[in-house]
4 protein chains.
Amino acid sequence: MTIDNSSDRSGHGTQSTDAESARAADRSVGRPNPSRRSEQSRRAILTAARELVSELGFAKLSIEAIAARAGVGKQTIYRWWGSKGEVVFEAFLALSDPGEGIVLPDSGDLETDLKYLMRETVAEFADPAFEGPVRALNAEIINDPKLARLYHEKMAAPVDEAKKERLRSAQRAGQLAPDLDLDLALELLYAPLYQRWLLRSGPLTPEYADSLVDLTLRGLRP
Amino acid sequence: MTIDNSSDRSGHGTQSTDAESARAADRSVGRPNPSRRSEQSRRAILTAARELVSELGFAKLSIEAIAARAGVGKQTIYRWWGSKGEVVFEAFLALSDPGEGIVLPDSGDLETDLKYLMRETVAEFADPAFEGPVRALNAEIINDPKLARLYHEKMAAPVDEAKKERLRSAQRAGQLAPDLDLDLALELLYAPLYQRWLLRSGPLTPEYADSLVDLTLRGLRP
Amino acid sequence: MTIDNSSDRSGHGTQSTDAESARAADRSVGRPNPSRRSEQSRRAILTAARELVSELGFAKLSIEAIAARAGVGKQTIYRWWGSKGEVVFEAFLALSDPGEGIVLPDSGDLETDLKYLMRETVAEFADPAFEGPVRALNAEIINDPKLARLYHEKMAAPVDEAKKERLRSAQRAGQLAPDLDLDLALELLYAPLYQRWLLRSGPLTPEYADSLVDLTLRGLRP
Amino acid sequence: MTIDNSSDRSGHGTQSTDAESARAADRSVGRPNPSRRSEQSRRAILTAARELVSELGFAKLSIEAIAARAGVGKQTIYRWWGSKGEVVFEAFLALSDPGEGIVLPDSGDLETDLKYLMRETVAEFADPAFEGPVRALNAEIINDPKLARLYHEKMAAPVDEAKKERLRSAQRAGQLAPDLDLDLALELLYAPLYQRWLLRSGPLTPEYADSLVDLTLRGLRP
DNA sequence: ATATAAACGAGACGGTACGTCTGGTCTTTAG
DNA sequence: CTAAAGACCAGACGTACCGTCTCGTTTATAT
């Protein structure tokens, strides 16, 4: 429910204003009235959540600690969010909000661009500031289908769409089979990389990224 | 430490007998003497752990519940295992112990065999009895490098080796490039499948398995 | 601290109001705020303690059992009391609260009245319902100076004062030496009796009580 | 039972030899054979018990700690003693064993001698090395009639007998009533003192001891 | 001298309770 | 009527000991 509120806030998939949806929620009994919600507390909670998940990791993070750091009563968190996961997710979401559209480099040569992208991803995975929160989020996703859906809709989808746009451009340039399933193609490229990092199933080097692109493109070309 | 004991039990990497290693451990101070360990309690604990992780999930599983279900004092768990994770991991390990070698079907046609294997994997992922524990284990692996290493060594390695053996056979039959990196090939085949299941990033159907094999093999052939 | 609260409640030795002292305690850090205390829980705990100490005896009584019987979290006990002894003591205190003043019989003849009182005490000591808790309390007092002080202040003092009042009356009637140390006189009379019972150093009969009074009064008369 | 063994050892109240009683015990099934008992272990246990009760107090003393300190298996303690209390009591007993008879000073003047004795007792009570163990023992006696009996028989009786002997001497000298109940007289003298110390019911000074003697003797003289 | 049976040290076992900690709910007070 | 503060019920945590029960290993008769 809370996360629905947050989605209203970002305005995806609905034309209703904040004020309207607040009034709508008001009609359903037993729920707090969002129009009365303290924006200051909300921001303090999300900031505290972000900081703490970096300092302690997701597992050792407690609602109690978030409330204390944010200078907020525990009930204020429980009132608006359903779980630790939801709070942290919304905190990440606010942080990673890309503003508007993502555009990937397009040099005209797909192989060059992909190798660049994949090497960049490898570098990103090696960043310790990225490591903790993203691992935490993924661990939660594994056990929480609701969170998984949210993640794919709000965080993964925009990035994936940008990547697919680049692939479509390659299709138009005759560098990819015209009937290629782009979702599948993306998975072929990224899943091995992601899995190596997430499950630590092997070393993650720029050379590995290159091999992956080479081998995959052999299957994807017309 | 306990898990090392269990590896002694399965005889990996050492020629020493149980009796010998028991006496050796005896010399190191402050550690319980494995030779006195109750095999009955050990089994009851692992069974209880396996059952409970299925019923409750890893997060809601408590040492206290394992002890109660196993009819065992809590101290008996703390004596031999260092954490909830270790107990559950060993429980899985005992469960999935393949006895001896794993041999995969070899019809002579790689594509046929791979599609069969991948469809079987898809079916396995749909089994609710498999779902809970494996998700739990993977969630732990994400945040625990030690556990990740153990998982790859004890559980994944034997299976992967069997799969690579099948790929080697295909190489000999001229169905795969002779200089192919088999680890990479395995990742190309399995990572997309595994990721769809683990992170719920898309539907998992037999047809999907087929497409995956088709597309991948295009890149792997000589 | 709790027991200090209870003293506030009974109004001994302080003119400050409950509200005042609550606010004062509020200022000292790390301590629970007594004004928020649940009176219902407090009563349930004391009742459970009283029942259980009768059923099991003090030694076999556990905080855990009190909490369970009272339908209360263990922390609620640890928050307000420092030990099993304090809880049980306050339970006794609430029970034995004499409301107002104690008045002892005054027939005009000290010897008669004392023999009556001492025989009554002997009878009380023989009551099994009295035995258990009072032995438990005394055993604790032996090892806990704080509890000893509390006992003398809250439980013994009022009774002793009533007894001394009777002795003063006898002094006025010329039946006791006018310069007699009344505390000492009380000890002479009661300590032998109490010791026989508490340490089981001899049989406790009405005749013994009489002899005690006879012999003691020989020393106390003018 | 164990304590009976120890009484056999000291030869109180029985004519049977050690060898005889050993053989007698042998006949009864399920009991350990005292003739095989390790004197070295027994001594180590009693010494450890004595040390630990001083260091930790009786309440915090554990059988496990005694066994560890004595370098002895726990079962060896449980084999020969029935409870922590019995072990500690026997440890005290061995310590306080007066060898043979106790003789108190006899100057010819009872008042002088009593005041000296009582002042000495007051001083003894103030000794911290005496305090801990004796409080512990008394606390146990309160709740354990068997231990109480043992205490009076083995530890208190010899001392009391010596005191009564001094009182008899005073009777012969015409300083006490000839028909005086000596047990009662002792209680009159000592119970108030003991109670002040044990239950901390008042300050314990040499002057208090004097007043006690003065007042009591007024009642005991012919 | 040797067998044999008991006591021994060691310590694992099923348990109970400890005192602490956190989670999510309920209550009180202030604004 | 929201929000902060925090007490509340609940129950898991990891530890300490309980008293019982094997294990091998002395040790001390009783052959």
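Just so we're on the same page: letters track the sequence lines, and every chain starts at 1.
As a whole-Å value, the separation of D:I77 CD1 from E:dG11 C1' is 14 Å. Rounded to a whole Å, the CH2 atom of A:W81 is 18 Å from the C1' atom of E:dG23. Taking atom CZ on C:R43 and atom C1' on F:dC8, their separation rounds to 17 Å, with Å as the unit.
Contact annotation: the side chain of B:L137 never approaches that of B:V88 to less than 4.5 Å [non-hydrogen atoms, C-beta and beyond]. B:W81 places none of its side-chain heavy atoms less than 4.5 Å from the side chain of B:I66. Two residues are said to be in side-chain contact when any heavy atoms from C-beta on lie closer than 4.5 Å; D:P133 and D:F92 meet this criterion. Side-chain contact between C:E86 and C:K146 is present, with heavy atoms from C-beta onward closer than 4.5 Å.
The distance from the CG atom of A:L46 to the CD atom of A:E51 is 11.5 Å, given to the nearest 0.5 Å. Note: A:L61 CG to A:R69 CZ = 10.0 Å, rounded to the nearest 0.5 Å. Interatomic distance, CD1 of D:I141 versus CG of D:L150, reported as 9.5 Å (0.5 Å rounding). In this structure, CZ on C:R50 lies 12.5 Å from CD1 on C:I45, to the nearest 0.5 angstrom.
Between D:S41 and the phosphate of E:dG9, there is a side-chain N or O to OP1/OP2 separation shorter than 4.0 Å. An OP1 or OP2 oxygen of E:dC13 is reached within less than 4.0 angstrom by a side-chain nitrogen or oxygen of B:R79.
The residue among B:S38 and B:E64 whose nearest nucleotide of DNA chain E is located toward the 5' end is B:S38. Mapping C:I63 and A:K84 onto DNA chain E by nearest heavy atom places C:I63 at the nucleotide closer to the 5' end.
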Please write out the pairs of protein N or O atoms and N or O atoms of nucleotides 25-29 of chain F separated by less than 3.5 Å, giving the distance to one decimal.
none

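Around atom CD of D:Q40, no more than 12 heavy atoms belonging to other residues, nucleotides or ligands sit under 6.0 Å away.
Side-chain atoms of B:Y78 lie closest to F:dT15 of the nucleotides F:dC17, E:dG24, F:dT15. The listed nucleotides are E:dC13, F:dG19, E:dG23; the one nearest the side chain of B:R37 is E:dC13. Nearest to the side chain of D:N33, among E:dC18, E:dA12, E:dA7, sits E:dA7.
Side-chain N or O atoms of C:K84 include one that pairs as donor or acceptor with a backbone N or O of C:F58 at under 3.5 Å.
Contacts between residues 65-76 of chain C and DNA chain E, defined by a heavy-atom separation below 4.0 Å, involve C:K74, C:Q75, listed by number. Remark: nothing in residues 49-59 of chain B comes within less than 4.0 Å of DNA chain E through any heavy atom.
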Report task. Before giving the answer on side chain to side chain contact (heavy atoms under 4.5 Å, CB included), spell out for B:R42 and B:E90 the whole-Å C-alpha distance, their side-chain angles and the decisive distance to 0.1 Å. Result -> CA-CA 10 Å; B:R42 185 182 153 267; B:E90 195 176 327; 3.2 Å; yes
